[in-house]
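All values reported here derive from a predicted model rather than from experimental measurement.
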Amino acid sequence: MKKTKNKIRIQNLITYGMVIAAWVIIEILIQTGHISSLLKGLLVPLCIYAILAVSLNLTVGILGELSLGHAGFMCVGAFSGAFFTNVAADAIPSTGVRLFIALLIGAVTAGIFGLLIGIPVLRLKGDYLAIVTLAFGEIIKNLINTFYIGIDSSGLHFSIKDTMSLGMDETGVVIIKGPQGITGTPKAATFTIGIILLLITLVIVLNLIHSRTGRAIMSIRDNRIAAESIGINVTKYKLMAFSISAALAGVAGVLYAHNLSSLAATTNNFGYNKSIMILVFVVLGGLGSVRGSVIAAVVLTLLPELLRGLNDYRMLIYAIVLIVMMIFNSSPKAIAMRAVLRERFMSKKTKEAA
């Protein structure tokens with residue numbers, strides 16, 4: 001038991017160390033001017049997609065439920081966080097303080113939506129669950145596009161028609177402009193903040209997985225009937241995993257909103273393809289592998305941009321890399337080969353130590 005705990009602790013420290021080492025290397029490259037402006041612009045999105053991949057892995061890999069609405073929770077977090085930042089601009093002048101509070105609001109709001117959606121949805125299984133979560137993502141995106149919200153001296157004003165229907169006085173400011181979304185949000189997201197949030201996400205997910213709660217969640221994934229037979233509250237643990245996953249997606253959404261000057265609930269930002277892309281990160285990184293999710297998110301986000309100079313061949317190479325990664329992670333022969341190589345390496349290391 002003690003050996004297992006030590007092994008888990010070492011594996012977790014390796015994961016944290018990889019993230020911290022990447023941050024140190026990137027910061028050194030930035031300070032010495034050895035990194036392009038294109039890569040600088042990708043640093044915050046890399047952190048966002050890594051957080052999204054790790055959080056979705058909690059639902060898909062650890063809980064074993066297929067969710068296609070992760071972009072919807074990201075959208076909820078992005079708009080709730082950006083809305084607070086703009087509304088509280090006069091009351092809280094400090095952008096950093098507003099961002100911190102916005103992160104909390106985004107996480108709580110997305111978590112509440114995850115809880116509300118999870119209560120009816122998690123009674124479904126397989127394809128039915130995937131379809132309902134997909135519908136949730138599309139409904140949230142289209143619902144936000146109908147809202148017009150402004151603020152003046154008398155308070156908040158809501159409308160689903162247009163800005164003229166808000167009925168504000170001369171001091172009024174429109175915050176959410178329907179399909180145009182929210183503009184004027186300060187670009188407060190930085191690579192350092194993204195790394196800190198990624199580390200917090202890793203700490204939450206890894207500690208949850210290796211806790212008593214995590215073992216209960218994985219037992220539900222492996223055999224629901226057996227889990228129920230020993231007294232595990234299936235509904236409770238499913239809702240817990242789904243809500244935490246949604247809350248972490250909300251955090252990524254707040255970071256996403258504060259990395260853009262204009263935020264709109266478009267298909268490119270929060271549509272079906274975004275949820276599929278996050279799912280691809282999880283699957284290729286390995287279901288249940290938190291470290292693999294981070295690596296897959298980084299590699300598959302950087303690859304299309306690094307291959308941009310190849311024009312027509314860029315997406316072909318990207319597709320080949322996806323196929324190779326899938327075979328390497330899922331093929332029985334590849335898994336057996338990795339196990340043999342691991343055993344040889346460990347035996348060689350033991351002999352050298354002796």
Side-chain angles (χ1 to χ4, degrees), residues 10-55 57 74 78 94-96 99-100 103 185-203 205-206 248 251-263 268-269 274 277-278 280-282 284-286 289-325 328-329:
I10 290 170
Q11 291 298 320
N12 291 350
L13 289 174
I14 291 172
T15 304
Y16 303 144
M18 285 175 55
V19 175
I20 295 171
W23 174 74
V24 171
I25 293 169
I26 293 296
E27 286 296 324
I28 292 172
L29 291 175
I30 292 174
Q31 295 300 325
T32 55
H34 288 89
I35 190 168
S36 66
S37 57
L38 174 64
L39 287 178
K40 281 184 181 178
L42 287 174
L43 293 178
V44 175
L46 284 176
C47 297
I48 293 168
Y49 291 131
I51 293 170
L52 288 168
V54 172
S55 60
N57 207 346
M74 178 188 175
S94 174
T95 303
L99 175 60
F100 175 74
L103 287 167
T185 305
K187 295 185 69 175
T190 64
F191 181 52
T192 301
I193 293 174
I195 288 292
I196 292 171
L197 293 175
L198 176 57
L199 287 172
I200 292 172
T201 301
L202 289 172
V203 169
V205 173
L206 288 173
L248 294 174
V251 169
V254 175
L255 195 63
Y256 182 82
H258 288 77
N259 191 47
L260 303 170
S261 57
S262 178
L263 178 69
N268 289 334
N269 289 340
K274 182 75 75 175
M277 183 182 70
I278 302 166
V280 168
F281 296 156
V282 174
L284 292 181
S289 173
V290 174
R291 190 189 309 165
S293 295
V294 175
I295 295 172
V298 171
V299 171
L300 296 180
T301 303
L302 282 175
L303 195 61
E305 299 301 328
L306 295 177
L307 297 175
R308 192 171 288 277
L310 297 177
N311 295 328
D312 296 336
Y313 300 102
R314 179 168 64 100
M315 296 313 295
L316 174 62
I317 296 172
Y318 181 77
I320 292 172
V321 170
L322 289 179
I323 295 170
V324 171
M325 287 181 68
F328 181 77
N329 282 329

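Annotation: the span from Leu198 atom CG to Leu52 atom CG amounts to 10.5 Å, rounded to 0.5 Å. The CD atom of Glu27 sits 11.5 Å away from the CD1 atom of Ile25 when rounded to the nearest 0.5 Å. Atom-to-atom distance recorded for Arg291:CZ and Leu202:CG is 10.5 Å, nearest 0.5 angstrom. Atom NZ of Lys274 sits about 3.0 Å away from atom OH of Tyr49, to the nearest 0.5 Å.
Contact of the Ile20 side chain with the Leu199 side chain is registered, since non-hydrogen atoms from C-beta on lie closer than 4.5 Å. Residues Val205 and Ser55 have side chains not in contact (no heavy-atom distance under 4.5 Å, counting atoms from C-beta outward). Counting only heavy atoms from C-beta outward, the side chains of Met74 and Ile48 approach each other to under 4.5 Å. Between Val54 and Val294, the closest side-chain pair of non-hydrogen atoms falls below 4.5 Å. Counting only heavy atoms from C-beta outward, the side chains of Leu255 and Leu197 approach each other to under 4.5 Å. Under the 4.5 Å side-chain criterion, counting only non-hydrogen atoms from C-beta, Leu206 is not in contact with Gln11. You'll find the side chain of Leu46 stays beyond 4.5 Å of the side chain of Phe191, heavy atoms only. Contact check for Ile193 versus Leu99: side-chain heavy atoms found under the 4.5 Å cut-off.
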### Task
For the pair Ile195 and Leu43, evaluate side-chain contact (heavy atoms from CB on, under 4.5 Å) and give the outcome as yes or no after the intermediate values.
CA-CA 9 Å; Ile195 288 292; Leu43 293 178; over 6 Å; no
### Query
Met277 and Leu300: side-chain contact (heavy atoms from CB on, under 4.5 Å), yes or no, with the steps?
CA-CA 9 Å; Met277 183 182 70; Leu300 296 180; over 6 Å; no
### Query
After noting the C-alpha distance and the side-chain angles of Val203 and Tyr16, does the key distance pass the side-chain contact (heavy atoms from CB on, under 4.5 Å) rule?
CA-CA 8 Å; Val203 169; Tyr16 303 144; 3.8 Å; yes
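When all heavy atoms are compared, the tightest approach of Ala53 to Ser293 is CB-O, 3.8 Å. For the pair Ile51 and Gly194, the tightest heavy-atom approach, listed with the atom from each and the gap, is CD1-O, 4.3 Å. Between Lys187 and Asn259, the shortest heavy-atom distance links the atoms CE-O, 3.3 Å. Across all non-hydrogen atoms, the minimal contact from Ile30 to Lys40 is CG2-CE, 4.2 Å.
When Leu302, Thr301, Ile295 are each tested for a side-chain contact (heavy atoms from CB on, under 4.5 Å) with Val299, only one passes: Ile295.
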